[in-house]
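Okay, so here's the structure we're looking at.
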Amino acid sequence: MAHAEPAFDTIGPLQPLLQACVHCGFCLPSCPSYLLTGQEMDSPRGRIYLLAAGVAGRVGMNDAFVDHFDTCLGCMACETACPSGVRYAPLIERARSAIEDHHTRPLGQRLFRR
């Protein structure tokens with residue numbers, strides 16, 4: 001079994017929130033980044049899958065992983081659309097915190113974010 005990177009240690013305790021998603025797809029039409037890109041991983045459902053895969057050690061916190069979280073506007077329209085009541089806000093907040101703590105962004109992005 002794979003082991004998760006330390007970057008995912010703070011996300012692991014949110015496992016019940018990750019498991020609340022039943023992957024129904026009701027969040028997809030409410031997500032602006034998904035509507036714009038059409039990419040599953042740029043949707044709340046896709047990001048939840050990525051977080052679960054990271055906690056399980058199946059993916060690492062690389063540039064591609066981070067890009068999917070950077071596309072989220074944080075509007076939380078997905079929360080009101082979700083029939084399962086998935087609380088997406090704590091997930092995206094913890095993911096963004098872990099990204100800032102454990103992922104080195106390219107120089108241009110670091111300067112811009114300062």
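FYI, the numbering just counts along the sequence from 1.
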Handout entry: M41 side chain reached by F69 side chain, heavy atoms, under 4.5 Å
Key = no
Exercise for the section: Please answer whether the main-chain N or O of S33 pairs with a side-chain N or O of T37 as donor and acceptor at a distance below 3.5 Å. Expected result: yes
Handout entry: Verdict with reasoning, F8 to M61, per side chain to side chain contact (heavy atoms under 4.5 Å, CB included)
Key = CA-CA 8 Å; F8 294 101; M61 194 171 286; 4.0 Å; yes
Fill in the blank from the handout: dist E40:CD -> L50:CG (nearest 0.5 Å) comes out at 9.5 Å
Problem - Stepwise salt bridge (charged side-chain N to carboxylate O under 4.0 Å, His left out) test for R96 and D101 - result: CA-CA 9 Å; R96 286 182 169 158; D101 290 345; over 6 Å; no
Practice task
Could you tell me whether the side chain of R105 reaches within less than 4.5 Å of the side chain of I99, counting heavy atoms only?
Solution key: yes
Completion exercise
Correct closest heavy-atom pair for G54 and V59 would be N-CG2, 3.5 Å
Handout entry: Which residues share a salt bridge (Lys or Arg N to Asp or Glu O under 4.0 Å) with D63, sequence neighbours left out
Key = none
Practice task
State the CD1-OG distance between I48 and S43, to the nearest 0.5 angstrom.
Solution key: 8.5 Å
Problem - CZ on R45 to OH on Y34, rounded to 0.5 Å - result: 7.0 Å
Handout entry: V66 side chain near D70 side chain, heavy-atom distance below 4.5 Å
Key = yes
Exercise for the section: Using salt bridge (Lys or Arg N to Asp or Glu O under 4.0 Å) as the criterion, list what pairs up with R114, not counting sequence neighbours. Expected result: none
Fill in the blank from the handout: OH (Y49) and SG (C21) are apart, to the nearest 0.5 Å, by 12.0 Å
Anything under 3.5 Å between a donor and an acceptor, one on a side chain of residues 71-82, the other on a protein residue two or more places apart or in another chain? List them.
from : atom 1 : to  : atom 2 : distance (Å)
T71  : OG1    : D42 : OD1    : 3.3
T71  : OG1    : R47 : NH2    : 2.9
T71  : OG1    : H68 : O      : 2.9
E79  : OE2    : Y88 : N      : 2.7
E79  : OE2    : A89 : N      : 2.7
T80  : OG1    : A77 : O      : 2.9

Handout entry: Side chain to side chain, V86 and L17, heavy atoms closer than 4.5 Å
Key = no
Problem - Shortest non-hydrogen contact between F65 and G60, atoms and distance - result: CB-O, 3.6 Å
Handout entry: Non-hydrogen atoms of A95 and L51 that approach each other most closely
Key = CB-CD2, 3.8 Å
Problem - R94 side chain vs I11 backbone, donor-acceptor pair below 3.5 Å - result: no
